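Report on the structure given below.
We name chains A, B, ... by the order of the sequence lines, and we start the count at 1 in each one. All values reported here derive from a predicted model rather than from experimental measurement.
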Number of protein chains: 2
Amino acid sequence: MRRMPTVKDVAEQAGVSVGTVSRVLSGETSVKPSLREKVNDAIAVLGYRPNVTARALRTSRTEVIGLIVPDITNPFFAQLAASVESAARERSHTVMLASSHNDPEAERHHILAFLDRSVCGIIVAASSGRSDLPLELPVPIVSLDRRFGNYALVSTNHAQAASLMAEHLYVLGHRKIAYIAGPPDTEAARVRREGFINRLAELGKTAGPADVTILEGKFDYDSGERIARELLSLPPADRPTAIAAASDQQAIGALRAARDLTIDVPRKLSIAGFDDIALAKLVVPRLTTVRQPVEKLAARAVEFLFDQPVLATDEMIDGSLVVRGSTGPAISMKPDEIRKQHRKRPDDAAANKE
Amino acid sequence: MRRMPTVKDVAEQAGVSVGTVSRVLSGETSVKPSLREKVNDAIAVLGYRPNVTARALRTSRTEVIGLIVPDITNPFFAQLAASVESAARERSHTVMLASSHNDPEAERHHILAFLDRSVCGIIVAASSGRSDLPLELPVPIVSLDRRFGNYALVSTNHAQAASLMAEHLYVLGHRKIAYIAGPPDTEAARVRREGFINRLAELGKTAGPADVTILEGKFDYDSGERIARELLSLPPADRPTAIAAASDQQAIGALRAARDLTIDVPRKLSIAGFDDIALAKLVVPRLTTVRQPVEKLAARAVEFLFDQPVLATDEMIDGSLVVRGSTGPAISMKPDEIRKQHRKRPDDAAANKE
DNA sequence: CTGAAAGCGCTTACAG
DNA sequence: CTGAAAGCGCTTACAG
């Protein structure tokens with residue numbers, strides 16, 4: 001519990017003024033090498049570490065980035081948080097992480113708390129609720145994955161990514177498809193959903209229309225399981241042959257439901273997710289999904305904070321299809337029909353992994 | 001980007017001195033009600049928010065708790081982090097979260113960064129590597145789940161919890177058991193492992209010894225999958241009838257391996273985990289595991305910071321067995337034998353869930 | 001009960 | 001190139 005050494009201590013030890021100490025600390029080139037050396041020695045001897053609080057007060061600038069995610073318990077956001085931290089570290093910035101528990105009130109609270117601590121920028125993956133901040137912010141802010149207020153958004157190209165999945169299922173011969181959407185008050189959920197059905201509609205003109213049912217839920221396991229259970233308790237003739245979900249968690253929940261009802265995936269039912277969380281390749285069968293470019297997203301969001309406010313435009317990064325074991329040909333289709341379909345879109349395979 | 005109002009602005013607006021403003025802010029009772037009201041009005045009018053940086057500099061005290069976890073991407077720690085945040089919020093404290101990526105160097109770095117920001121206390125779930133901090137800390141620090149240095153530890157009673165699992169498997173008739181341990185440089189891994197084999201040894205004296213093989217891995221999915229794959233590629237006669245893992249992630253990896261080798265769980269092989277992460281009940285079959293009392297752990301760790309340094313003794317909280325579908329009777333055992341075993345420990349059922 | 005003043009540890013014009 | 005001094009926004013003895 002000793003008192004920490006200050007610039008004053010260092011100055012005394014080195015026989016210079018505090019101004020000089022401060023200058024070598026900030027790397028000013030104008031300091032005479034002999035003094036610089038003395039100061040550095042003193043710093044080493046005393047084990048001096050600058051007081052960032054004092055520095056922040058003086059300069060009203062810190063090297064910490066505030067990050068808010070809707071739910072740190074969601075593996076996608078955990079991954080995103082880890083990636084943001086890495087990206088920040090590369091610029092030798094620290095990140096303060098807060099979880100809003102999908103509560104706009106908590107979100108607002110955290111933003112204010114960050115501001116109180118004079119973070120140098122804020123990245124927020126918005127909660128589902130309608131959120132807006134009245135006051136003008138003194139620091140750059142950017143939305144990540146889910147738009148917050150009207151701030152610029154760095155996200156996966158959800159429409160493109162979702163269309164990849166629509167295509168995949170259509171080409172496999174599915175014509176009766178259920179889509180488990182995310183909460184409609186999130187932009188990502190809306191865009192994914194539109195991307196999915198629009199592509200399906202387009203394709204419908206080429207090789208026969210597909211029938212798609214949309215069910216809304218949250219992004220979590222439980223929603224997926226509950227909704228899939230409902231869908232699958234329909235008489236077999238009315239059931240979809242494929243279920244696409246707006247998140248891997250939902251898809252894994254759906255997998256669980258199919259399993260409980262002893263419906264064979266992918267033989268009788270295809271299930272696909274969105275995100276490509278670590279778990280996707282561990283479930284049985286392994287989950288076909290769309291990969292979000294998490295590291296790139298995180299890196300761009302961090303860069304955004306530094307580049308502001310020159311560019312304030314949204315940025316989208318393409319997702320990629322990852323085909324694994326949970327999707328397969330539609331049951332009603334004969335093998336040669338499938339082959340025919342596939343020939344129509346030979347580039348599909350390029351996007352696959354594993 | 002407006003200048004934020006300060007105590008001085010509030011003082012002017014209210015027609016009092018800054019000292020008085022500060023006093024009403026800190027809730028001092030000595031302020032005359034009429035002045036207090038004026039000040040509160042001024043605060044409201046200006047939308048004043050105290051500058052926590054200045055306050056921290058002056059008092060060298062903040063209301064933020066630093067939390068370091070080895071890997072935020074691990075669902076157990078994500079859950080732990082969320083719980084710590086809740087507990088902190090109840091005391092109107094904020095938490096700064098950092099992930100060490102299991103790197104003692106990063107861990108050290110983060111602790112110093114926290115200290116630089118004068119957090120009021122630090123909770124650390126230690127990385128696997130040998131970690132120690134030379135300097136005396138100016139704030140209380142407590143280990144959570146995994147001991148850091150020599151600091152007091154709040155953790156699940158790993159020995160008790162692991163013994164619960166040993167018992168469960170033994171009673172089911174398993175006599176050839178593999179244990180996937182965690183990294184031996186973590187205390188939790190060592191204690192779980194000892195708790196498991198000790199209890200098995202004890203039971204061995206009552207109804208015949210059990211043969212247990214120990215394999216070491218990390219706590220993650222991949223380790224579990226890799227180790228299980230090795231184990232299960234032995235000739236059937238040499239295979240264990242049950243695999244217990246030191247984490248749910250390992251167990252889920254093992255489940256995956258069993259599935260790939262088309263070994264029926266729990267018919268031919270029982271698999272059990274440790275933690276009870278959200279996912280445990282979603283895998284197929286649902287995972288039998290030991291639940292760690294995450295909320296209680298988090299709450300105690302936070303309290304610890306406030307009570308320090310009066311008590312500096314370790315605190316352990318019991319875990320509980322959660323029996324689901326991934327464990328069953330050993331294949332070699334006849335049903336009536338199992339029933340007999342179960343009668344010996346009728347209290348076992350009380351711990352079960354679902 | 002309240003105001004004036006010192007000081008937390010820095011940084012940064014301003015002189016020299 | 002370097003030192004002395006002001007000041008960031010608070011809190012808290014110290015007077016009165």
Hey, does [Y] have a side-chain heavy atom less than 4.5 Å from the side chain of [X]?
X        : Y        : answer
A:Glu90  : A:Val302 : no
B:Leu297 : B:Leu144 : yes
A:Arg55  : A:Leu25  : yes

Problem set entry | Under the 3.5 Å Watson-Crick or G-U criterion, the dot-bracket string of DNA chain D, with | for inter-strand pairs | |||.||||||||.|||
For this session: For residues B:Ser99 and B:Pro70, report the shortest heavy-atom separation together with the two atoms involved.
Result: OG-O, 3.8 Å
Problem set entry | Verdict with supporting geometry, A:Arg190 and A:Asp185, salt bridge (Lys or Arg N to Asp or Glu O under 4.0 Å) | CA-CA 8 Å; A:Arg190 291 197 304 274; A:Asp185 50 4; over 6 Å; no
For this session: Apply the test ring pair (Phe, Tyr, Trp, His ring centres under 6.0 Å) to residues A:His93 and A:Phe306: give CA-CA distance (whole Å), side-chain angles for both, the deciding distance (0.1 Å), then the verdict.
Result: CA-CA 11 Å; A:His93 279 233; A:Phe306 291 96; 4.9 Å; yes
For this session: Applying side chain to side chain contact (heavy atoms under 4.5 Å, CB included), run through B:Leu67 and B:Val69 and close with a yes or a no.
Result: CA-CA 7 Å; B:Leu67 169 65; B:Val69 297; 4.2 Å; yes
Problem set entry | Annotated protein contacts, base or backbone, on nucleotides 6-16 of chain D with a non-hydrogen cut-off under 4.0 Å, one of B, S, - each | BBBBBBBB---
